[in-house]
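The next block holds one structure in the form of structure tokens; read it before the comments.
A note on names: the letters A, B, ... follow the listed sequences, proteins ahead of strands, and every chain is numbered from 1.
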There are 2 protein chains.
Amino acid sequence: MASRSDTKTRILDAAEKLFAERGFSETSLRLITSKAEVNLASVNYHFGSKKELIRAVLARYLDVFMPAASTEIKRLDAVPTQATLEEILSSLVAPLLDLNQLRTEGTTIFLQLLGRGYIESQGHLRWFITTHYGQHLDAFVRAVSASAPHIPPAEMFWRLHFTLGTIVFTMASADALNDIAAAEFGEHNDIEAVIRKVIPYMAAGVSVPVSPQ
Amino acid sequence: MASRSDTKTRILDAAEKLFAERGFSETSLRLITSKAEVNLASVNYHFGSKKELIRAVLARYLDVFMPAASTEIKRLDAVPTQATLEEILSSLVAPLLDLNQLRTEGTTIFLQLLGRGYIESQGHLRWFITTHYGQHLDAFVRAVSASAPHIPPAEMFWRLHFTLGTIVFTMASADALNDIAAAEFGEHNDIEAVIRKVIPYMAAGVSVPVSPQ
DNA sequence: GTTTAATTTAAACGAGTGTTTTAAATTAAT
DNA sequence: ATTAATTTAAAACACTCGTTTAAATTAAAC
């Protein structure tokens, strides 16, 4: 019966799993608390509201991932030769996969949550992410832009969001896609294999020359 | 007071707009009927349920777009020279933009609805689309595969789903992204501009050589 | 013009939502 | 051991949701 101090953790663990697989507004607090085997009211006691629970779920990952990602970006910045786009994107793979040892299926869940947040939210999550982790995002955007100097900033803005869509959608349906790929082509990919497949796709799209018209 | 016979149309028009901009489950029947200035119960009278209303909203576009898209693909297939990937993707732009003369902002609404459908649905929309329009989708996949013969089928499977994610996510958040782009870069893009931006991105990603490793 | 059918209306239903309240139980501090 | 603070528990609140019902209205058929 949930020794007191881990009630918060039990809620977060249950919430992130449910949020990731069915979305925020499709997941009721009653479903979360029943899966977590805690009382309904404890959500509002520990987090204040559902909105703040959503932010807490995301923050638990972002607080680990963002600094780790920034470290990788800085490491690449320190090297005198300009990093390629593939190198930049690949440098985030380790921080992403490290989330798996933070929590079971951490990588998948984190990326799915990110996608849900961007799609569902009316702004409060976007605001939360950009104000709390904006510096890390800026460093990433700068690194990517430097690796593809022929892409104007406005164009880069769009392509980075295309990229976000690519990775987010892929991760959201990675399990289903892996099942199909296994049945259809005899492929047996784990999450890392999928990430390694998607990186060349994204890198090619981001850096393709802007068509003159 | 809504001359009787166009009550269905008033509902569909109001519903598609609201569905596109806030998603299916975030849009209540009460909001739809108040915008349409019809009675709440008329939705269930004319469509049976909310689910069927959603399908009706999508079908109104798919029934026009899918045959038009298939015609374009067939036209490319008839030409002796192999079409490029960009040509194939670009051939869908005209059918997409034609939706604008079907209804105000038809193109935007249709693509956003598609995105919402793929992201939100628990399956019933995916099922609806693939069973009703699967033949058109198959022709498209065959054409794309022929344009990039250096991509093995298994890899193409993944890349087409990456592409689906790209377009679906982009369209679902097109309004929000356009707002940011306008504030940040002074860009004022319509939906066609976004489509023209995303096509080279997707074409480059789908056809990039598979990295040997 | 009366009858019949189709449509619209207002009201209520039942289920589900996030949140708050009140009280009990548990833990920590004095 | 007693007091205070924290945590859990059960219940209710106020609200929204999709759907249904039954009466009123409109249009069509005869």
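- Side-chain nitrogen and oxygen atoms of A/His46 include at least one within less than 4.0 Å of the OP1 or OP2 phosphate oxygen of D/dT8.
- Atom CG in A/Leu29 sits roughly 12 Å away from atom C1' in C/dG16 (whole-Å rounding).
- What separates CZ of A/Phe47 from C1' of D/dT7 is a distance of 14 Å, to the nearest Å.
- With sequence neighbours excluded, the residues forming a side-chain contact (heavy atoms from CB on, under 4.5 Å) with A/Ile180 are A/Glu184, B/Phe157, listed by chain and number.
- Every side-chain contact (heavy atoms from CB on, under 4.5 Å) that B/Ser90 has, sequence neighbours left out, goes to B/Ile199.
- Contacts of A/Thr27 with the nucleic acid, taken as non-hydrogen atoms under 4.0 Å apart, involve only primed sugar atoms and P, OP1 or OP2.
- Taking atom CG of A/Asn39 as the reference point, atom P of D/dA9 lies 6 Å away to the nearest angstrom.
- Taking the side-chain contact (heavy atoms from CB on, under 4.5 Å) definition, one finds that B/Leu18 meets it with B/Glu21, B/Arg22, B/Thr27, B/Leu31, B/Ile32, B/Lys35, sequence neighbours left out.
- Within the structure, a side-chain polar atom (N or O) of A/Thr7 is placed less than 4.0 Å from OP1 or OP2 of D/dT8.
- Between the CD1 atom of B/Ile32 and the C1' atom of D/dC17 there is a distance of 12 Å, given to the nearest Å.
- Straight-line distance from the CZ atom of B/Phe19 to the C1' atom of D/dG18: 12 Å, rounded to whole Å.
- Residues that satisfy the side-chain hydrogen bond (donor to acceptor under 3.5 Å, both in side chains) test with B/Glu52, not counting sequence neighbours, are B/Ser49.
- For A/Ile11 and D/dT7, the CD1 to P distance is 12 Å, given to the nearest whole Å.
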With 3.5 Å as the limit, what N/O pairs link the protein to nucleotides 20-23 of chain C?
none

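- Remark: C1' of D/dG18 and CD of A/Glu26 are 14 Å apart, rounded to the nearest angstrom.
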At a cut-off of 3.5 Å, list every protein nitrogen or oxygen paired with a nitrogen or oxygen from nucleotides 14-16 of chain D, distance to 0.1 Å.
none

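- When the side-chain hydrogen bond (donor to acceptor under 3.5 Å, both in side chains) test is applied to B/Gln112, the partners found at least two apart in sequence or on another chain are B/Asp175.
- The side-chain hydrogen bond (donor to acceptor under 3.5 Å, both in side chains) check on A/Lys50 picks up nothing, with sequence neighbours excluded.
- In this structure, the CD atom of B/Glu37 is 14 Å from the P atom of C/dT8, given to the nearest Å.
- Side chain of B/His46 to main chain of B/Ser42: no donor-acceptor pair is present (N/O by atom type, distance under 3.5 Å, no hydrogens or angles).
- Taking A/Tyr133 as the reference, A/Asp63 meet the side-chain hydrogen bond (donor to acceptor under 3.5 Å, both in side chains) condition, with sequence neighbours excluded.
- The aromatic rings of B/Phe162 and A/Tyr201 lie perpendicular to each other, with more than 60° between the two planes, well past the 30° mark.
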